[in-house]
Protein chains: 2
Amino acid sequence: MSAPLHRTRPAGQGRALPDTQQGMRRRNLSRVMHTVGAEGPLSRAAVASRIGLTRAAVSTLVDELIRSGLLEELGPERPGRVGRPGSALAVSGNGPAGIGAEVGVDHLAVCAVDLRGRVRARAVRHVPNRDRSPEPVLGELTALIHRVLAEAEGEGLWPAGLAVAVPGLVARDARTVVRAPNLGWLDTDLGGLLPPGPPLTVANEANFGALAELWLGEETPRDFLHVSAEIGIGAAVVVDGRLLHGNRGFAGELGHVPVWPDGPACACGGRGCLEQYAGEEAVLRAAGLEPGEDRVGLLAGRAEQGDAEVRRALHDAGTALGIALTGAVNLLDPQSVVLGGALSGVAPWLLPSLRSELARRTTGPACPVTVSALGPEGPLLGAAHSVVRGVLDDPAAVAGRV
Amino acid sequence: MSAPLHRTRPAGQGRALPDTQQGMRRRNLSRVMHTVGAEGPLSRAAVASRIGLTRAAVSTLVDELIRSGLLEELGPERPGRVGRPGSALAVSGNGPAGIGAEVGVDHLAVCAVDLRGRVRARAVRHVPNRDRSPEPVLGELTALIHRVLAEAEGEGLWPAGLAVAVPGLVARDARTVVRAPNLGWLDTDLGGLLPPGPPLTVANEANFGALAELWLGEETPRDFLHVSAEIGIGAAVVVDGRLLHGNRGFAGELGHVPVWPDGPACACGGRGCLEQYAGEEAVLRAAGLEPGEDRVGLLAGRAEQGDAEVRRALHDAGTALGIALTGAVNLLDPQSVVLGGALSGVAPWLLPSLRSELARRTTGPACPVTVSALGPEGPLLGAAHSVVRGVLDDPAAVAGRV
DNA sequence: CTATTTCGTCATGGCGGTTTACAAATTAGT
DNA sequence: ACTAATTTGTAAACCGCCATGACGAAATAG
């Protein structure tokens with residue numbers, strides 16, 4: 001009699017549906033969408049050879065996707081080779097769109113991205129949201145969303161989902177903001193305060209920034225650490241092209257990694273957390289500046305002019321970041337570390353000390369540290385693209401909702 | 001014309017083969033093996049309801065697995081319910097076996113585990129391997145393997161694979177030991193020095209220990225951090241039931257996380273690494289003891305007797321571990337932290353300071369820290385079981401090699 | 001102008017799970 | 001005891017999905 005010794009599910013089959021032919025079909029539809037989306041206009045034959053199915057099979061898949069409005073036939077390819085030219089297929093520019101929204105500390109932004117990855121509508125509003133209650137903020141955001149929605153629908157797009165980036169911790173349900181220090185929000189369910197209709201996903205802006213880096217960045221390693229500093233210092237861990245969420249969804253709290261364990265007390269209860277040395281407030285204080293509007297721009301400006309005090313503050317922040325990242329890199333062995341968000345603006349003065357600290361403390365070739373090319377747009381684009389990816393990942397789910 | 005904006009592959013489809021019916025069949029065979037293995041003897045009907053296929057489909061899958069010798073029919077179940085009793089199915093006890101081996105600093109061990117998870121043969125030899133060259137060590141290991149192999153074959157088992165746990169860093173090819181400080185091995189390919197035949201997998205002993213914890217531990221969270229201290233201090237990160245390897249396969253180097261960045265210089269080039277405070281040598285030194293045989297037992301004994309110096313040394317090591325783990329927990333938000341390997345022996349004196357440090361420095365409920373129940377057997381069992389899991393994960397691959 | 005190559009499609013077939021039906025084996029009820 | 005109800009395992013017919021092979025279409029090469 002065999003005892004139940006193998007207690008855990010096989011890796012990666014966490015929620016695998018029963019493996020039936022319909023599931024197979026759905027996955028293959030997804031493969032077609034992904035390859036066409038990733039490698040530009042392609043003929044059916046080209047898609048077939050790339051995903052390993054036959055031309056006949058791809059034909060039926062493509063037919064279904066065209067009927068659903070997710071794929072478009074662009075017409076005959078201009079051939080350079082022998083043989084009959086293929087008919088170019090492209091992801092539809094007039095089908096579903098991903099609506100991304102961002103609640104920043106001093107702005108609100110919304111955009112619509114089509115399946116091709118193009119931003120088709122956008123709306124931004126500068127509003128100081130610090131310590132403002134959720135209702136009015138989300139009311140204004142809803143207005144912006146409706147504006148973008150109207151614009152997008154005018155172009156033939158329809159919303160496949162709404163993703164909202166917030167500067168705070170989000171619960172696993174992807175709807176409730178557990179804590180957003182700079183907004184002063186606690187346990188706020190955004191579900192009821194936003195337009196009904198499109199499926200809602202709320203996540204940390206650092207996470208969406210990391211996904212934007214993964215999907216849109218210049219180089220796209222599948223294992224990296226994305227560090228951003230809008231609120232405190234957040235990191236997002238991407239493993240094998242997937243975000244690491246953690247048990248409660250709180251993974252990536254780099255700001256409270258101990259750097260000098262006997263250092264100044266931190267709001268989190270600890271001492272000497274990274275935020276005490278490289279957080280926005282700490283850096284401003286060390287630089288002898290007052291907190292205020294556009295603080296990063298101020299820092300960058302002064303550093304550019306050669307202000308020794310500012311440069312020294314940024315140098316020290318880089319050192320602290322380097323120490324904290326040494327721990328993270330030792331633990332995760334990522335392909336690279338990417339600095340995003342506000343950090344990208346001051347990167348030139350942060351990087352030297354950061355890199356040398358990291359190199360000094362790790363054996364072998366140091367983990368490369370790069371700066372995100374997306375700048376402050378990352379989280380918003382990541383949010384919108386997350387919806388688009390959802391469509392590519394399971395086109396069949398969306399096809400019924402046209 | 002749509003530009004190639006979606007550059008990355010869909011998450012989790014890194015190496016997905018073309019999704020064809022044969023792949024479906026293989027995955028379903030795996031599902032059957034996993035459910036029967038995990039939930040003891042089951043009837044075809046019970047399996048069907050669990051994996052969501054029909055009884056008819058499961059019948060054909062089971063037939064194939066029985067023909068391949070991977071499943072056994074135990075006979076009619078004793079029924080408590082109405083209806084025709086099912087025929088109990090169990091994973092075969094006389095089919096393929098996983099051979100696990102361990103190269104320790106002062107011992108060699110080999111065991112054979114059948115598909116039911118039972119250890120069916122074992123051989124251990126105490127040998128001081130410190131700074132001994134690979135050839136003689138692996139020669140002796142090969143002899144032990146042959147002994148275990150003979151014993152297992154006598155019981156009707158055949159080796160489906162050989163997995164070797166080593167105290168060092170292993171390259172991504174899972175054959176070459178890049179660096180094993182305590183053995184003094186550098187860039188050693190174990191491929192040619194071990195018995196040919198069964199497919200070989202070499203990995204860090206901490207990783208295998210973590211897998212053992214995942215597969216055999218009392219509680220089995222799917223996201224946890226497994227900390228062990230055979231050589232230096234290694235951690236293994238398990239995310240969603242899967243080991244995190246990292247880019248070069250070096251993930252989990254907890255020993256070189258900076259704890260007090262201005263502390264004593266470390267061999268790695270850094271300063272104040274965890275190993276300087278909680279490594280075996282450091283703790284022995286702080287306790288006023290000389291390095292020697294069975295050092296952990298010595299420490300535990302003295303601590304038990306109430307030796308103040310030893311207790312203080314362990315207390316301080318716990319504090320350092322707590323600081324390093326604070327960083328790791330903040331970054332990964334695991335369900336729990338498990339202390340394994342040599343650490344389990346001294347855990348009683350390590351835990352109080354470790355836990356309090358961790359609790360003090362993290363907000364919300366602290367991440368639970370537990371001690372592995374597997375003790376020093378973990379890596380060996382994990383190695384053997386990794387082979388067994390490989391069979392459960394793809395029974396079709398092994399069925400042909402009977 | 002013909003041979004060659006490649007593309008897209010159609011008809012056929014094989015494979016895999018589902019559906020439906022049914023016999024076998026047990027319990028529950030009278 | 002005997003029947004009704006329930007559950008199991010299997011067999012036959014069916015449907016969906018991809019593979020195979022053949023074909024016409026549309027380009028290039030000679």
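When reading the values below, keep in mind they use all heavy atoms of this one structure, side chains included, and skip hydrogens, waters and symmetry mates. Within every chain, numbering begins at 1; the chains are lettered A, B, ... in the order of the sequence lines, protein sequences first and strands thereafter.
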Atom-to-atom span, CG of A:Asp63 to C1' of D:dC17 - whole angstrom: 14 Å
C:dT9 OP1/OP2 closer than 4.0 Å to side-chain N/O of A:Ser59: yes
Pairwise distance CZ(A:Arg27) to CG(B:Asp19) - rounded to 0.5 angstrom: 4.0 Å
Sequence neighbours excluded, every pair satisfying salt bridge (Lys or Arg N to Asp or Glu O under 4.0 Å) that has a member inside residues 73-95 of chain A: A:Arg44-A:Glu73
With A:Arg175 via salt bridge (charged side-chain N to carboxylate O under 4.0 Å, His left out) - residues at least two apart: A:Asp189
Salt bridge (Lys or Arg N to Asp or Glu O under 4.0 Å) partners of residues 51-67 of chain B, not counting sequence neighbours, each pair once: B:Arg25-B:Glu64
d(CZ, A:Arg78; C1', C:dC7) in whole Å: 17 Å
Whole-Å gap separating C1' (D:dG16) and CZ (A:Arg26): 15 Å
Annotated protein contacts, base or backbone, on nucleotides 17-30 of chain C with a non-hydrogen cut-off under 4.0 Å, one of B, S, - each: SBB---BBBBSS--
side-chain hydrogen bond (donor to acceptor under 3.5 Å, both in side chains) partners of A:Ser92, counting only residues at least two apart: A:Glu72
side-chain hydrogen bond (donor to acceptor under 3.5 Å, both in side chains) partners of A:Arg50, counting only residues at least two apart: A:Glu39
Between P of D:dC17 and CD1 of A:Ile51, the distance in whole Å: 15 Å
Gap between atoms CZ and P, on A:Arg44 and C:dC10 respectively (whole Å): 11 Å
